[in-house]
Amino acid sequence: MRPGGHSEKRRILVLISGGGTNLQALIDATRDDEFPGSIVAVISNKPEAGGLARARHAGIPTETLDHRQYPDRTSFDQALKARIDAHQPDLVVLAGFMRILTSDFVRHYHGRLVNIHPSLLPHYPGLHTHRQALAAGDAEHGATVHFVTEELDGGPGILQTRVPILPNDTETSLAARVLAEEHRIYPDVVRWFCEGRLVLGENAVVFDGQPLAQPLQRAVGEH
Ligand code: GAR
């Protein structure tokens, strides 16, 4: 126990490839002394990722591991695994980390690897989710936080946020509204994990001791 009666903080490691607005939301949330985890490092596969500056600005150690320096996916993932494990994280958070991961990597972090994806999974795994939701004439779109398994953008859903699609929405306007919701849900999931309220059970996500038949749901404006 730390002074003040708080148990020790969980160690969070964040992987990014881009601008890092979800990373920023996590940095902001973990600034709260009461947050049960702290970000021990941020690793990017792209040296130019804007999120690296966000981390440095917050005093968080950063590392870059450029996937183009590796001959194949397996060797990159092995090197990444070694870098991650040097920080002994309790939780690895994918925050716009745009890499397909090898089975070996995913299995190694089973139950302690989460991702956020900008769609109401299982709809629209992969890229261009906003464009696809508009083209399909969907009434709503959203984002999903899920445990990562070997399936691309798959794995048991934890929390989904739903946003209505408006008549004049473009890919850009819809993406912006979904992203704002991502920033609200991801820190909550990370908090629950760090509090020990969220575990990946044998067949389902277990939240507060109850297996989830489907991801928890949150609509815009709900807390
Ligand atoms: C977010 O919209 C995230 O959901 C998405 O990349 C964006 C990263 O933005 N992730 C995926 O598409 C994963 N398949 P950010 O760098 O500003 O957090």
Side-chain angles (χ1 to χ4, degrees), residues 12-30 39 41-58 60 62-67 73 76-77 80 91-103 105-106 109 113-135 138 140-163 165 169-190 215-216 218 220:
I12 303 163
L13 188 141
V14 184
L15 297 179
I16 61 166
S17 301
T21 64
N22 277 291
L23 167 66
Q24 187 67 56
L26 292 167
I27 290 172
D28 294 345
T30 53
I39 303 173
V42 171
I43 303 179
S44 171
N45 66 310
K46 293 201 169 172
E48 69 277 14
L52 289 169
R54 295 178 186 273
R56 280 195 291 268
H57 191 251
I60 299 167
T62 63
E63 295 177 30
T64 297
L65 201 64
D66 189 340
H67 62 276
R73 209 174 275 291
F76 173 75
D77 277 11
L80 181 60
L91 177 66
V92 178
V93 174
L94 305 180
F97 188 63
M98 305 305 271
R99 294 276 310 165
I100 293 172
L101 298 164
T102 55
S103 300
F105 182 96
V106 170
Y109 296 104
L113 180 61
V114 290
N115 181 43
I116 191 160
H117 183 73
S119 78
L120 296 171
L121 291 172
H123 297 294
Y124 317 129
L127 299 174
H128 309 303
T129 59
H130 314 293
R131 191 186 305 171
Q132 291 186 69
L134 286 168
D138 292 351
E140 58 178 6
H141 188 41
T144 307
V145 181
H146 62 98
F147 279 109
V148 177
T149 59
E150 290 170 53
E151 184 192 344
L152 174 68
D153 294 321
I158 301 166
L159 177 60
Q160 277 186 330
T161 182
R162 313 180 90 85
V163 304
I165 296 184
D169 259 333
T170 62
E171 207 177 324
T172 310
S173 66
L174 182 56
R177 279 213 318 289
V178 170
L179 190 61
E181 294 305 306
E182 293 183 40
H183 301 158
R184 293 177 57 246
I185 62 170
Y186 216 0
D188 284 351
V189 170
V190 171
L216 298 164
R218 192 175 287 170
V220 179

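Counting starts at 1 for both ligands and their atoms, in listed order.
- Within the listing of ligand 1, atoms 14 (N) sit less than 4.0 angstrom from a heavy atom of Asp153.
- Within the 4.0 Å heavy-atom criterion, neither part of Leu94 lies near ligand 1.
- In this structure, Ser119 contributes its side chain and Thr129 its backbone to no donor-acceptor pair below 3.5 Å.
- Taking Pro215 as the reference, Gln160, Gln217 meet the side chain to side chain contact (heavy atoms under 4.5 Å, CB included) condition, with sequence neighbours excluded.
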Thr161 and Val178: side chain to side chain contact (heavy atoms under 4.5 Å, CB included), yes or no, with the steps?
CA-CA 8 Å; Thr161 182; Val178 170; 5.8 Å; no

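- Not counting sequence neighbours, the partners of His141 by the ring-ring contact (aromatic ring centres under 6.0 Å, His included) test are His130.
- When only interatomic distances are considered, the shortest N/O to N/O separation between Glu182 and ligand 1 falls below 3.5 Å.
- For Arg73 (side chain) and Ile100 (main-chain N/O), a donor-acceptor pair under 3.5 Å exists by modelled atom type.
- Under the 3.5 Å distance criterion, with hydrogens and angles disregarded, a donor-acceptor pair is assigned to the side chains of Thr21 and His183.
- The closest approach between Gly19 and ligand 1 falls below 4.0 Å for a heavy atom of the residue.
- When atom types are taken as modelled, the side chain of Ser44 and the backbone of Ala49 share no donor-acceptor pair closer than 3.5 angstrom.
- Within the structure, the closest approach of Met98 to ligand 1 falls below 4.0 Å when heavy atoms are considered.
- Among protein heavy atoms, the minimum distance from atom 15 (P) of ligand 1 is reached at Thr21 N, 3.4 Å.
- Around atom 16 (O) of ligand 1, the closest heavy atom drawn from Gly20, Gly18, Gly96 belongs to Gly20.
- Of all the heavy atoms of Leu179, the ones lying under 4.0 Å from any atom of ligand 1 belong exclusively to the side chain.
- Nearest protein heavy-atom contact of atom 10 (N) of ligand 1 is Ile116 O, 3.6 Å.
- Residue contacts with ligand 1 include Pro118, since one or more of its heavy atoms lies under 4.0 Å from the ligand.
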